[in-house]
Amino acid sequence: MQSDPKTELIALAARLEDFLGDPHDPASRMPFDQVMEYDEREEFPFALLGLLRRWGVPEYSLPGAQGGRAGNVETGFNLARIVARRCSSTATAMVINNLAFMPVWIGGTDEQKRRLIADMKDGHSMSWGLSERDHGSDLLASGTTARKVAGGYLVSGEKWLIGTATMADRMTLFVRTGERPGPGAFSILVLDKARTPVDTVRELPREKLHGLRGMDISGLRTEDAFVPDENLIGAEGQGLEIALKATQAARAVINGLAMSAADTALRLTLDFTEQRMIFGQAVSDIPYSRRQLTEAFADLMICDAVSLGAVRSLQAAPEQTSVWTSVAKYFLPTLLERSVSQLSVVLGARFFLRGHARYGVFQKMLRDLLVANFADGNTVVNLRNLGQQLGGLLDGATGADDATRARAAERAGVLFGMHRPLPVYEPWKQELFSRGADDALLAAPDGLARLRELAGDAKEEERGRLLRAADAAQELLDHAGKLADRRSALQARLGRGYGQSAELFDLAKQYCLLHATAACVLTFVHSHEVLEDPLPNAAVLLLQLERLRRQLHPHESITDQADVDEVMRVLRHQYREHRLFSYWQFPLAHS
């Protein structure tokens with residue numbers, strides 16, 4: 001009997017974990033000692049990337065039909081999490097290489113895909129030349145031009161703050177090929193630096209970074225650099241659409257780096273609090289410290305639920321990915337930055353011990369996770385994207401008919417059912433606007449009904465927590481009506497200024513809360529049968545919802561000490577049994 005996708009992914013992740021070994025063991029293949037040496041020297045981790053290539057990790061993010069091993073996006077996403085919990089710089093370099101291929105996956109021919117994948121398997125790498133020094137996130141203002149000549153294009157301009165721009169052999173370029181302004185003026189080209197006259201291409205100096213200190217973040221300046229016709233991806237004029245679809249995938253994937261950093265930070269904090277004795281008890285048993293630890297765990301599990309849906313939406317709901325990935329890309333890094341900062345308070349003075357084997361790694365993870373706030377679409381970009389669609393999304397959340405909700409509920413079973421098979425990934429099917437559809441909110445009433453049914457079958461203590469969780473989720477989701485009214489009033493009051501108003505961005509933030517609420521409930525009800533004890537857990541769900549509710553009611557609690565103690569039991573189990581702090585519960589290597 002064939003195993004389900006969840007079982008296969010867990011087995012694959014366990015193989016990679018076992019290969020890499022315990023990061024605290026200096027003799028392992030990717031130890032923290034080596035990672036910190038690279039970080040202190042600001043040295044690019046060539047050796048670690050080579051190790052991953054030999055195992056084949058990058059191939060799980062390249063299409064199987066043309067020589068890679070990718071079936072599901074979440075496979076590559078989760079393997080990158082295994083790497084990133086050890087070294088964010090190595091994982092980032094690997095992810096950038098794969099994301100630079102994404103425009104080719106979307107718009108390239110089979111021959112282009114096969115050729116580039118074969119080169120990547122031979123050790124060649126790619127970078128994604130999207131942003132520019134003077135234009136940032138404003139792609140329509142991009143100034144790098146590609147002038148048509150016999151047999152190809154002459155590219156001139158500068159791409160800046162590009163990951164692996166110096167180290168990579170090729171750069172996928174977003175360029176202006178049309179003279180008339182507008183979305184149809186842009187195209188995608190692949191520039192091969194080794195086959196381009198040396199006097200037409202110049203790498204820019206690496207930038208010194210706050211986090212990811214070993215990463216190559218630099219740029220490329222070109223002056224009439226020749227790119228042959230065979231390296232045009234898609235048709236002329238399709239560049240903006242291809243780039244935006246590639247960015248959707250990037251938004252979903254890069255959150256795994258922040259989640260892995262938070263996982264390691266929480267694990268390192270537990271190393272301290274479980275052993276450190278104060279006033280006759282472990283720090284973990286002090287009520288205030290226990291609250292801080294369990295809240296950080298709940299935050300991470302919120303992110304896991306949101307990410308589960310966002311990554312799966314690329315395959316299961318490609319017409320909605322503009323919403324799902326923007327919610328995840330804004331909400332997850334923002335929440336985790338606060339969570340890890342909260343953990344630093346629990347560590348106390350040890351947080352400042354940069355040279356300590358464990359606390360130095362904590363500092364690195366806190367610095368590194370910040371990259372997810374701005375890479376591949378910053379907070380402003382994602383909130384603007386949600387704001388532009390907010391009217392339709394709220395109309396759907398509050399006024400959808402029963403048939404629409406029933407279809408969304410059926411799709412939610414795939415989006416949040418970890419054991420459910422996904423359709424083949426066809427990234428060209430992703431759409432740039434969702435037309436008012438967000439299956440998370442549309443399926444939320446069905447999710448709440450299922451949650452109450454589970455409560456009816458649960459034991460007494462679990463039943464009470466599930467019912468309280470359902471009530472809390474219902475309260476949060478009912479906020480959609482108020483948001484819809486406020487949005488309509490704001491548009492009527494501001495007119496043409498509505499789209500750029502600070503108030504609209506605030507409404508978009510609150511919409512993310514509703515989506516995250518639905519994600520937590522839907523993950524619980526659609527994956528509960530395939531999770532391993534002690535998950536799913538009603539106290540964890542209740543604390544997740546309290547953490548979300550606190551963003552609207554910062555000083556109100558819906559959990560008590562018994563609930564927190566139960567969440568601590570779950571957290572300790574995951575910690576002591578060496579499991580990833582995730583619904584996936586991957587087994588982790590240990591001495």
Item to complete: I would like to know whether Arg86 and Glu17 meet salt bridge (Lys or Arg N to Asp or Glu O under 4.0 Å); could you show each step before the answer?
Response: CA-CA 10 Å; Arg86 295 166 167 83; Glu17 264 290 325; 2.8 Å; yes
Item to complete: Decide salt bridge (Lys or Arg N to Asp or Glu O under 4.0 Å) for Arg114 and Asp119; before the verdict, give the C-alpha distance in whole Å, the side-chain angles of both, and the deciding distance to 0.1 Å.
Response: CA-CA 9 Å; Arg114 277 193 291 269; Asp119 286 347; over 6 Å; no
Item to complete: I would like to know whether Asp224 and Ser156 meet side chain to side chain donor-acceptor pair (under 3.5 Å); could you show each step before the answer?
Response: CA-CA 5 Å; Asp224 287 341; Ser156 298; 3.2 Å; yes
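Side-chain contact between Ser313 and Leu415 is present, with heavy atoms from C-beta onward closer than 4.5 Å. In this structure, the side chains of Thr145 and Tyr153 stay at 4.5 Å or more apart for every pair of heavy atoms. The side-chain heavy atoms of Leu270 and Leu571, taken from C-beta on, include a pair separated by under 4.5 Å. Considering only heavy atoms from C-beta on, Ser322 comes within 4.5 Å of Asn385 through its side chain. With a 4.5 Å cut-off on side-chain heavy atoms, Met215 and Ile96 count as touching. Put simply, the side chain of Leu16 reaches to within 4.5 Å of the side chain of Val57, judged on heavy atoms. Taking the side chain as every heavy atom from C-beta outward, Leu140 and His135 never approach each other to under 4.5 Å. Side chains of Asn373 and Leu370 form a contact here, defined as non-hydrogen atoms less than 4.5 Å apart.
Qualifying salt bridge (Lys or Arg N to Asp or Glu O under 4.0 Å) partners for Arg176, counting only residues two or more places apart in sequence or in other chains: none. In this view, Arg221 and Glu158 satisfy the salt bridge (Lys or Arg N to Asp or Glu O under 4.0 Å) rule, not counting sequence neighbours. Residues meeting the salt bridge (Lys or Arg N to Asp or Glu O under 4.0 Å) test with Asp25, sequence neighbours left out: none. The salt bridge (Lys or Arg N to Asp or Glu O under 4.0 Å) test applied to Glu236 returns no partner, not counting sequence neighbours. Applying the ring-ring contact (aromatic ring centres under 6.0 Å, His included) rule to Phe44 yields the partners Phe46; only residues at least two apart in sequence or on another chain are considered. With sequence neighbours left out, the side chain to side chain donor-acceptor pair (under 3.5 Å) criterion links Ser88 to Asp368. Checked against side chain to side chain donor-acceptor pair (under 3.5 Å), His124 has no partners two or more places apart in sequence or in another chain. Evaluation of the side chain to side chain donor-acceptor pair (under 3.5 Å) rule for Thr200 yields no partner, not counting sequence neighbours.
With hydrogens and angles left out, the side-chain atoms of Thr144 and Glu132 include a donor and acceptor closer than 3.5 Å.
With hydrogens and angles ignored, the 3.5 Å screen pairs no side-chain donor or acceptor of Gln66 with any backbone N or O of Arg115. Looking only at distances, no side-chain donor or acceptor of Lys121 sits under 3.5 Å from a matching main-chain atom of Gly68. The backbone N or O of Leu220 lies less than 3.5 Å from no partner atom in the side chain of Lys159, so there is not a single donor-acceptor pair. In this structure, Ser125 contributes its side chain and Asn97 its backbone to no donor-acceptor pair below 3.5 Å. For His590 (side chain) and His578 (main-chain N/O), no donor-acceptor pair under 3.5 Å exists by modelled atom type. In this structure, Asn378 contributes its side chain and Val381 its backbone to a donor-acceptor pair below 3.5 Å. When atom types are taken as modelled, the side chain of Gln320 and the backbone of Ala317 share no donor-acceptor pair closer than 3.5 angstrom. A donor-acceptor pair under 3.5 Å is formed between the side chain of Thr264 and the backbone N or O of Arg85. Listed for the Lys509 side chain is no donor-acceptor partner under 3.5 Å among the backbone atoms of Tyr330. For the pair Gln112 (side chain) and Thr109 (backbone), a donor-acceptor distance under 3.5 Å is present.
For residues 66-81, every residue pair satisfying the salt bridge (charged side-chain N to carboxylate O under 4.0 Å, His left out) rule, not counting sequence neighbours, is listed here: Glu59-Arg69, Glu74-Arg312, Arg81-Asp304. Within the structure, ring-ring contact (aromatic ring centres under 6.0 Å, His included) pairs that include any residue of residues 343-365 comprise Phe351-Phe362, His356-Tyr359 (at least two apart or interchain). Here ring-ring contact (aromatic ring centres under 6.0 Å, His included) pairs that include residues 71-109, with residues two or more places apart or in two chains, are Trp105-Tyr425.
For the pair Arg170 and Asp192, the salt-bridge criterion is met [side-chain N within less than 4.0 Å of a carboxylate O]. A salt bridge is absent between Glu295 and Arg338; no separation between the charged side-chain nitrogens and carboxylate oxygens falls under 4.0 Å. A salt bridge is absent between Asp271 and Arg267; no separation between the charged side-chain nitrogens and carboxylate oxygens falls under 4.0 Å. A salt bridge links Arg576 with Glu274: the closest approach of a Lys/Arg side-chain nitrogen to an acidic carboxylate oxygen falls below 4.0 angstrom.
Screening Val104, Thr172, Asn231 for a side chain to side chain contact (heavy atoms under 4.5 Å, CB included) involving Leu116 leaves a single residue, Val104.
Listed here is the closest heavy atom pair of Ser127 and Gly163: CB-O, 3.2 Å. Contact record, Pro23 with Ser28: CA-OG, 4.1 Å, taken as the closest heavy-atom pair. The two atoms that bring Pro427 and Met102 nearest to each other are CB-SD, 4.3 Å, heavy atoms only. Residues Leu9 and Thr75 come closest through the heavy atom pair CD1-CA, 3.9 Å. The shortest non-hydrogen separation linking Leu332 to Ser307 is CD2-CB, 3.9 Å. Listed here is the closest heavy atom pair of Pro26 and Asp33: CG-OD2, 3.6 Å.
For CZ of Arg133, the number of neighbouring non-hydrogen atoms (other residues, nucleotides, ligands) closer than 6.0 Å is greater than 12. Shown here is Lys148, whose NZ atom has more than 12 heavy atoms of other residues, nucleotides or ligands within 6.0 Å. In Glu223, the CD atom is not crowded: 12 or fewer heavy atoms of neighbouring residues, nucleotides or ligands sit closer than 6.0 Å.
With Phe272 as the aromatic partner, Arg358 does not meet the cation-pi criteria of under 6.0 angstrom to the ring centre and within 45 degrees of the ring axis.
Atom CG of Asn255 sits about 8.0 Å away from atom SG of Cys303, to the nearest 0.5 Å. Note that CG of Leu52 is 6.5 Å distant from CG of Leu20, once rounded to the nearest 0.5 Å.
Ring geometry for His515 against Trp324 counts as perpendicular: the plane angle is over 60°, on a 0 to 90° scale with 30° as the lower cut.
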With a 3.5 Å cut-off and sequence neighbours excluded, list the donor-acceptor pairs that the side chains of residues 244-253 form with protein atoms.
| from | atom 1 | to | atom 2 | distance (Å) |
| --- | --- | --- | --- | --- |
| Lys245 | NZ | Glu241 | OE2 | 2.9 |
| Lys245 | NZ | Trp428 | O | 2.9 |
| Lys245 | NZ | Gln430 | O | 3.1 |
| Thr247 | OG1 | Ala243 | O | 2.8 |
| Gln248 | OE1 | Thr321 | OG1 | 2.9 |
| Gln248 | OE1 | Gln430 | NE2 | 2.8 |
| Gln248 | NE2 | Glu431 | O | 2.9 |
| Arg251 | NE | Asn382 | OD1 | 3.2 |
| Arg251 | NH1 | Ser326 | OG | 3.3 |

